[in-house]
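Report on the structure given below.
Just so we're on the same page: letters track the sequence lines, and every chain starts at 1.
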Amino acid sequence: MTKLLEIKNLNVSFSSRLGTIKAVHGVSITVQAGEVLGLVGESGAGKSTIGNAIINLIEPPGKITDGEVWFKDKNLRKLNENEMLNIRGQKIGMIFQDPQTSLNPVMTIGTQLLETINKTKKLFGKLAYHNAIELLQSVGIEQPEARMKAYPHQFSGGMRQRVVIALALAGDPDLIIADEPTTALDVSTQAQILDLIRALCIERRLGVIIVTHDMGVVANIADRVSVMYRGSIVETGDVKYILSTPHHPYTKSLLAAVPRGDVKIKRFTSIDYIEGGAHKQKRIAVAEHWLGEKLVDNKSKVAISITDLNKKFVLKKALFKQNRLYNQAVKDVSFSITTGETFGIVGESGSGKSTVARLVAGLLSIDKGSVKLFDKEIANVPKNRQVVAVQSELQMIFQDPFSSLNSKMSVEDIIAEPIRYYKTAGSEDKMKQIIGDLLDHVGLGKNAALKYPHEFSGGQRQRISIARALAARPKILICDEPTSSLDVSVQAHILNLLKDLQDELNLTILFISHDLPVIRQMCDRVAVMRHGSICEIAKTNDLFNAPNHSYSKHLLNIMPKIDLFA
Amino acid sequence: MKKVQIASSSFQDNAKIRNALLENFSQPTTLLSGGLLFLVALCAIFAPLIAPTNPYNLAVVSIMDSRLAPGEEMFDGTVAWLGTDGAGRDILSAILFGLRTSLLVAVCSALIALIIGLLVGLIAAFFGGRTDTFLMRIVDIQLSFPAILVALVLLAVLGKGIDKVIIALVIVQWAIYARTVRATAIVERRKEYIEAATCLRLSNFRIIWKHLLPNSISPLIVLATLQTAHSISIEATLSFLGVGVPITEPSLGSLISNGFDYILSGAYWITLFPGIMLLATVAAINIFGDRLRVLLNPRLSK
Amino acid sequence: MKVSTLKPAIFMTAIAFSLGFSVSSASAENLKVALAAEPTSMDPHYQNLTINNSFATQVYNALVLQDVNQNLLPGLSTSWKPIDDKTWEFKLRAGVKFHNGSAFSAEDVVATMQRAANVPNSPSSFATFTKGKTFKVIDDLTLQISTEKPYPFTPNDMSRISIIDAAFVDATTEDFNTGVASFGTGPFTFTKWLPGDLLEIKRNDHYWGSAVEWDNIIIRPISDGTTRTAALMAGDVDFIERVSPSDLPILESREGISIFKSVSNRLLYLTLHMTDSPIKPYVTDSNDKPIASPFRDVRMRKAVSLAINRKAIAERVMDGLSAPAGQFSPEGYIGYSNNLKPDLYDPEQAKELISAAGYADGFKLTMHGPAGRYSNDTRILEAIAQMLSRVGIDTSVETMPASVFFKRFARGGPDKKPEFTAAMSGYANGSGEPSHPLRIFIHTKQKERGYGPGNRNGYSNSEVDKLIEDGRSSMDIAMGEKAFIEATNVAMQEYALVPIHHEIATWAAREGIVYEHGALDSTFLHYISAKK
Amino acid sequence: MLAFVIKRVIQSILVLFIMSLIVFSMINLVGDPVDMLVNPESLPEEIDRVRRDFGLDQPVHVQYWKFLTGAISGDLGNSFIFGRPALALIAERFPATLELATCALILAVSVGLPLGIYAGLNPDGWGARIIMGGSVLGISIPTFWLGLMMIIIFSVFLGWLPVSGRGDTANFLGIESSIFTLDGLRHLILPAINLSLFKISIVIRLTRAGVEEVMALDFIKFARARGLASQRIIRAHLLPNILIPIITVLAIEFGTLIAFATVTESVFAWPGVGKLVIDAIVNLDRPIVVAYLLFVVTLFLILNLIVDIIYAALDPRVRLQGDRQ
């Protein structure tokens, strides 16, 4: 095999008045033709920077400070901007993460394809048109002639990513750099796109660099993998080898943190290597604490009971009712959750799982059906004190750690809010002590109280969210994709914390996720949702071992598996 | 679409913001405009103390001193460094006092309009639905009136006076704030921290006051700066068109428009110096507002 | 270029042609004029408004004309005389033709009088001048006008109404605006009007009087004084009226510009309230408590007059464009009293009078006035406020748009009574009839008899009232004028009003153009001529 | 689309109704037009006659009802001063204003757009600093002051251009405009520049902000990664994306241009609607003020509607619905 690309000792730094941040240092990688190299690492590791550095598209103030980039027999670092124009697109294609933003929204797909073909292949007119049609066909787009005239927003996410791939292929490049190509896609689409890239790679003997944070993706597609940590490559090797026998402690902890779809484990192995700043968790004795005061009076065996829940959203308004278009987000959903149970809802985006969570939490109005919390009906009843009281026993953890905290309030104020509002602490001093305890308990440490949310990382913020929820002394916790935007290692910590809390406080948890392995690790029972309805409700083990519904089977089938280790 | 945000290292983020702040505040334009603004504000606040004469005191101003060239001596012996106007007011003093009036009008109207707009915008964004539609239609009506004409008609109705100019400017401006607040607040409204607050079953008032407001206000601060500059300009224009502040208590705008009658006769200083002051003030506020916008919008700062 | 005989039909066509396709080539015989305002209509009977009336004299003639000092001259009537106490006889001019070619006769006058009083939608009609008069045609060129009571001012009234062709008695205002009906007997014919932009008139070659020398006059309305001056300086126009006082120095110092000035009959005055109750608290003591108007006391009124430095206002505010006044008329003008001189500035005596009247501790006064109605009005008020403040009356000024001012001035108070304690306003005699200001401002208010509609300060003196009424019913004009002058003497010595100054009217033109000017500040285009 | 337009029209009529109510009652509070109209030498009965003739003796609600019934049949009343239909007066003057505003708008776009793009593409260069500094000045200088200064400099001292008025007009393709004569153009230059300066600055700033925003988007980066040259990226990818918001803003700005022309018109004695309406306000010629405000608001509403339609036409993502947001 010949070396297609060789990077030697690449250094990239971002300079500002406060100093220089080395985003990439001393990175050397090689890619052969027909090979897929996985570049894996967590956010901030510098992996995307490498991709941009190869085709010299680093935005200022970023700068390549050292190193060589050899493509075939050319040192790309020695080329000027004009010569680079002939490399980009023609020799090296790029695929970006979000197909939503990668395409010019006001230009048809056809025009974007043709302009690229004009430039890279110097083909014009009919020839270019036929070439474009061929390209669309090759990435699996049906009716390419008609689709040429369509605008990006008329495609689904997966289709759009195919168009992006077609654009990347338009110049017949030898190397494709795919930067998180499937992160923004649904699980099933993700699988298709990965298959497509794999197929193209073999068919056209392309070299491919896949930049990703997802071990599953790497396991599925890559031949070799380089693991990045804080701007450096800590380990490179054959995928099977690395996944089964990782050497570097970072790689080890990374792999340990990946939730397993095959077997449920009690807890994730503690990983200290990663979240360097995290405090040692200082536990408090919950039973004797303020937090546990209200635990004894468990009124009912059934915490949440839902029957025939319905919700639709107006898609298109119209003067006359019959002309309005609706989206039936939730259709006849029924289930009940016993106290102390963790109930999961799994489904792809748009399946209505988050809507169910918000309906239960009372954040959305209910069209039809009944929602009972501890036998108290809350659907479409006047908001009297009792309803509010029972509703406030339910708290929620949200998906996005950045928008779920009010950035204008200090952590102390955020957590204090329910305590102050309901005057549950007695005195200000008592309250401060409680807040300190809560922060200790979720593993942030007392000192976090005086800081503001923006001073914390995503995982830490999720801990603050949990502390805020705890401050309301809830009996029910709804977790809406609480870890989907976190790195795997951080995810493992948060999931461990949730497990602990449930044990200590006998919480009832409604856990929403699109990620089957996570569901498996967290839930006692699972509901599978699709198009607003529940396909199947089963005990977690039963579902994973013997799914009943065909959709459940499909989901399990396309679940990324890292079954190479063990 | 699932929203995937890459949780970049927080410390780096922080450094970036602080960096942007530092970089912005140490830029010469920011320093210059900020400094100028500070100076202007000082002049306005301490005008009665630093002005050589009190141009609003008719018992002191004498018509016999009218239209003295810069540097000439007035009857009572004071030197009019920037000359005197048609009524015998020392231009330097008149600028200082006029600045006070102009700033008072602009800042008051901007503040009051901001408060009204803030309330309307927040209520519209928070409650949504019919409340939103209703309030926004009112805003539309207000915005479809051309500002200068509304102010003109209003002042024709209300008569002259600083308070009346402020009322007119408030009526002209509040809707702009309301619309801006609503635009921001409606985005914030959908964020999860508002849902979290709802989960805590806090009262609507508390959610609006403690959560929605603090997060929706920053674009308003920028808008308020720019609107303040604009108000000064509008006030000057109104004075030019003959409505505005009383003649015996001129603002920068009325000084300019009064002085303009004399420009052909060579008494350039009556309109020129207040004009320069007006321009400097408005430009300084605008530049400062611009910088503030860059500063408060981390996306724009590099 | 002189067209001697032209058939009416051809003439009409020519006009119609020029309406549609006007030629705007600039030739030497064209004059470009910038006026401060434009007429609101081309209909001479639409609105009794100074600018309308002065423009109407270009296209139309009245029976009686006025010169620039409002002396009466023969117009379409060559002579007039009272034949008894209640009847005037007018001899009409022979051989006069309207612009459309039809001949002028007494019937046209009667028709005109009928129309003038009854123009629909007129915002201010000429009925005032025709009311109570009966018109009788004796023959084609003789007309008798009779009144119910002896009325000496019929010729003055007749100088105000433009005579139109009887054929157009039913023409609408719009017909005049578009030129369909606008045929007069005046020195110019109407060519076209683009409201707000320009107004064009053309020489009437068949004019019965002395011919004008301009082929065409193009009038542009430019309301801003500085812009008007700039237009003259830039050569855009040849002639402007109402030079801003502040622009005068530069125009005077500029080569190639001539300036014409004359003291006009436009008076600026202060009115001081003199009835018992203050209408609104515009006078307060030093503790801001409302007090009754101090100006009930004639000494206080005199003190105000003495405190005003009229000379300083003339020099400093008006740039020399005002003449200190002590009565309604300027010197040499009808109704002028030789006994009355403008008060000289005497702050010491003013202070003494104030002490004597019991106001030594001073008081606070708010003066009101219109903004932008009279030349430098707000500045004059400000200057007066300065001067009053110096003699111990702590004065502040409130100005407002004229529309608001006049409503409040007349009826702003409770019961629709005048509102202000001290206010500044202006007056110019339009008809040249000497009793006019006395009847309007000085006579005790008697609404139903038409006396004192402008008497807003409550001045009342039965001796003065009698003099005015006697004068107005005497057919002996000389006798009447004596009575009016006597009434003026008394009223002014009691400061029924405090006169400030007469404005000096100004015109400016490029060199080579002369303007015959007098006490009227309106511009009469046929008095503009080229220097011979 | 049709539903959208219908809904808009209904809303607009409502807006107009409320607005006329406000303006009508407001003007009624001010002063008495009769004081401005009637010659002071007139007899008292003449004053009463005028008040009666204009219907001003009736209670305001009766006057308003009369106005409303007239307005429905397209009659907004006669000007008190000119005695002619207010709408006709406005229509007569409108071409001059339209001409001025159009020229100012063209100037604003043709100057502002290139400068804004330049400043956006080279944000740190000296050129951009000068342009942005200039735009701050442009926003800061009050229009009237600039106008007067321009007259002083270009007309009085340099004598290059005429001071005021509209100049000769000519008819071309049925449009009577001063653009078609040299004299007309000379008259137009100063007022148009004066009116456009503020808008130029606005366009510069909008464009610059748009450029910076769009240039940071992924699709631009992707276009570069596809090897497209900068020229092509600017022309085909950047421009269409910034033009959409700018065009829509401009349509609204056009409305404000017409409203703001009031100031420029009174400085340059331009015979447009603005001057007419200022005089009307001063003289309390209520029919004209009401008609003009209704006219301007209608114009705004129509422009808004057009903006939304243009937006939908230009941006394939937008589909018009019965609701604005």
About how many Å separate [atom2] of [Y] and [atom1] of [X], when rounded to the nearest 0.5 Å?
X	Y	atom1	atom2	answer
L58(B)	I384(C)	CG	CD1	12.0 Å
D85(B)	R379(C)	CG	CZ	8.5 Å
E382(C)	N258(B)	CD	CG	7.5 Å
Y56(B)	S396(C)	OH	OG	14.0 Å
I63(B)	R316(C)	CD1	CZ	8.5 Å

N57(B), part contacting chain C, at a heavy-atom distance under 4.5 Å: neither
Closest approach of V60(B) to R390(C) (non-hydrogen atoms, all atoms of both residues): O-NH2, 3.0 Å
Minimal non-hydrogen separation, M64(B) against A312(C), with atom names: SD-CB, 3.5 Å
For [X], is it the side chain, the backbone, both, or neither that has a heavy atom closer than 4.5 Å to a heavy atom of chain B?
X	result
T226(C)	both
T395(C)	backbone
A371(C)	side chain

Ionic contact status for R67(B) with D319(C), cut-off 4.0 Å: yes
